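Here's the structure we're looking at; comments come further down.
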Amino acid sequence: MICYGNLLNLFFPSRCPICESKSDRFIHSPICAACWKGIEKYSGNACNICGIPTISLYTTICESCLRAKPSFTTILYYGIYEGTLRKAIHLLKFTGIKRLARPLSGLLCDLAIPEADGIVPVPLHKKRLRQREFNQTAVIGRHLSRELKIPSMLNILKKIKDTLPQTEVNREERLKNVKSTYTASEKIKEMDLLLVDDVVTTGATARECASALLTAGAKSVTVIALARSQSKSLV
Ligand SMILES: [Zn+2]
Ligand SMILES: [Zn+2]
């Protein structure tokens, strides 16, 4: 028989998953305070549009953005998708530790987020929503909405085609994977929007979602993400 205590241990293990030390009742539990403090904000060189880390001091726009200018204004993100930040996003997304959404969205408040009329989370297809039971970006969007006092706009953007998770396909497939996948309601006409995602990988999802929102009449779309995966092809 599974008792409540066992269930608690299952969802909130008493050991920090990073350093194995006792994790206690931190707001970011099960991650301990020392590990949480280790989450670094990325402050290196980056493309002014898509935010991809760049090596060159003289490059302000990456090759991919020069080749095809994205529909979104810019991507703002907190850190690189690695270490404790990656683990925390995994615990929220796949283990379902929803309370990590609050401290994670707290990180976003440290970004220079522009004024906006609404917050739109990147949606999941209803099939995946059923499997996972909640959309982590919607939960993050709700916390951010409370912090910034900007309305959270759910059901504005819809994913109409189910695609493979971005992490399971290669780059070429990823770009194909998201083509015409999203559709947006015209309720966002003339609005400046913040599109919230957890992790930006190639930026293909951000491009597609922003295009759908702009086609529906949005004035501008700024992407806000917790993390960005570091590309191997640094410019
Ligand atoms: Zn720890
Ligand atoms: Zn770029």
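Residues: numbered from 1 along the sequence shown. It should be emphasised that the depicted structure is a prediction, and the values quoted were computed from it without experimental measurement. Atoms within a ligand are numbered from 1 in the order they appear, just like the ligands themselves.
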Just to be careful: counting only protein atoms that are N, O or S, how many fall under 2.8 Å of the Zn ion (ligand 1)? 4

Does any N or O in the side chain of Arg228 come within less than 3.5 Å of the main-chain N or O of Thr201, such that one atom is a donor and the other an acceptor? yes

Is the backbone of Lys187 close enough, under 3.5 Å, to the side chain of Ser185 for a donor and an acceptor to pair up by distance? yes

Do Lys158's NZ or CZ and the ring of Tyr182 fall within the cation-pi criteria of under 6.0 Å and 45°? no

Run through Leu108, Leu148, Leu76 and flag the one making a side chain to side chain contact (heavy atoms under 4.5 Å, CB included) with Leu194. Leu148

Verify whether one side chain among Asp192 and Ser220 offers a donor that lies under 3.5 Å from an acceptor in the other. yes

Assigning hydrophobic clusters by single linkage (Ile, Leu, Val, Met, Phe, Trp, Tyr; side-chain heavy-atom cutoff under 4.5 Å), is Leu154 placed with Leu193? no

To 10 degrees, how wide is the angle SG (Cys62) to the Zn ion (ligand 2) to SG (Cys50)? 110°

